[in-house]
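Single-structure report; data block below.
Naming: A, B, ... by sequence-line order, numbering from 1 per chain.
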Number of protein chains: 2
Amino acid sequence: MLKNKVKELRARHSYSQIHLAALTGVTRQTIGFIEKGEFSPSVTLALKLSQHLQVTVDELFWLEEEKN
Amino acid sequence: MLKNKVKELRARHSYSQIHLAALTGVTRQTIGFIEKGEFSPSVTLALKLSQHLQVTVDELFWLEEEKN
DNA sequence: ACATTATGTTATGTTTACCTTACATTTTAA
DNA sequence: TTAAAATGTAAGGTAAACATAACATAATGT
């Protein structure tokens, strides 16, 4: 399953969901869903998020084993 | 716009579209569409592709300026 | 030359990312 | 303490990712 540290890095930058959403061109709900791990964003959005959070996509998102 | 070097790296590994598709759990048409740049895959698929092509997501995919 | 495998491409269908709206709750700041 | 800002969440809609199927052409091997 897909994991990420968007919430953690967003906090580190003191960005609100609204601000990060504006920076990346999506709504704050989309940011919220991604932080909750409710869906897998497009690689385009992943790239934009990683740029604004100043990490690589591979640092921001990774795949983990399913635990049943 | 989103660019990638899936086709180039797939060739370097001598993988057919069918083989890479099987490795990543999608159809060969999906691989074909991605190589043509016709859509932006999910970051989950991007991660799987990058693992099998042995590069990072950031090396495989990047954003470029629109020309007009 | 022929068979096989790989690729290009198009059409139709399903699933899911993402949007809009809305309201409730939590957190922050005056 | 009260208003404002931020967050959680849910319903319903649209668009795009991805599937399936089909057929044509190109490339590869015998």
(request) To the nearest Å, give me how far apart CG (A:Leu20) and P (D:dA6) are. (result) 13 Å
(request) Mind calculating the distance between CG (B:Asn4) and P (D:dA17) to the nearest angstrom? (result) 13 Å
(request) May I have the distance from B:Glu35 (atom CD) to C:dA6 (atom C1'), rounded to whole angstrom? (result) 11 Å
(message) Tell me the interatomic distance from B:Leu49, atom CG, to D:dA17, atom P, rounded to whole angstroms.
(response) 14 Å
(request) Check whether any side-chain N or O of A:Lys36 sits under 4.0 Å from OP1 or OP2 of D:dT9, and answer yes or no. (result) yes
(request) Give, for atom CG of B:Leu45 and atom CD1 of B:Ile34, the distance between the pair rounded to the nearest 0.5 Å. (result) 4.5 Å
(request) Could you tell me the separation between the CD atom of B:Gln17 and the C1' atom of D:dA19, rounded to a whole number of Å? (result) 15 Å
(request) Evaluate the side-chain proximity of B:Tyr15 to B:Leu9: yes if any heavy-atom separation is below 4.5 Å, no if none is. (result) no
(message) Please confirm whether the shortest side-chain N or O distance from A:Lys7 to OP1 or OP2 of D:dA6 is below 4.0 Å.
(response) no
(request) Rounded to the nearest angstrom, tell me the gap between atom NE2 in B:His19 and atom P in C:dA6. (result) 10 Å
Using the 3.5 Å cut-off, write out each protein N or O paired with an N or O of nucleotides 18-20 of chain C and the distance between them.
from: C:dC18; atom 1: OP1; to: A:Ser42; atom 2: N; distance (Å): 3.3
from: C:dC18; atom 1: OP1; to: A:Ser42; atom 2: OG; distance (Å): 3.4
from: C:dC19; atom 1: OP2; to: A:Thr27; atom 2: N; distance (Å): 3.1
from: C:dC19; atom 1: OP2; to: A:Thr27; atom 2: OG1; distance (Å): 3.1
from: C:dC19; atom 1: OP2; to: A:Thr30; atom 2: OG1; distance (Å): 2.3

(request) Starting at atom CD1 of B:Ile18, determine the distance to atom P of C:dT9, rounded to an integer number of angstrom. (result) 16 Å
(message) Applying salt bridge (charged side-chain N to carboxylate O under 4.0 Å, His left out) to B:Glu59 and B:Lys5, what does each step give before you reach the verdict?
(response) CA-CA 8 Å; B:Glu59 287 173 288; B:Lys5 42 178 154 175; 5.7 Å; no
(request) Would you kindly give the CG-to-C1' distance between B:Leu2 and D:dA17, to the nearest whole Å? (result) 13 Å
(message) Over the length of the helix from C:dA1-D:dT30 to C:dA30-D:dT1, how much do the five-pair end axes diverge, rounded to 10 degrees?
(response) 60°
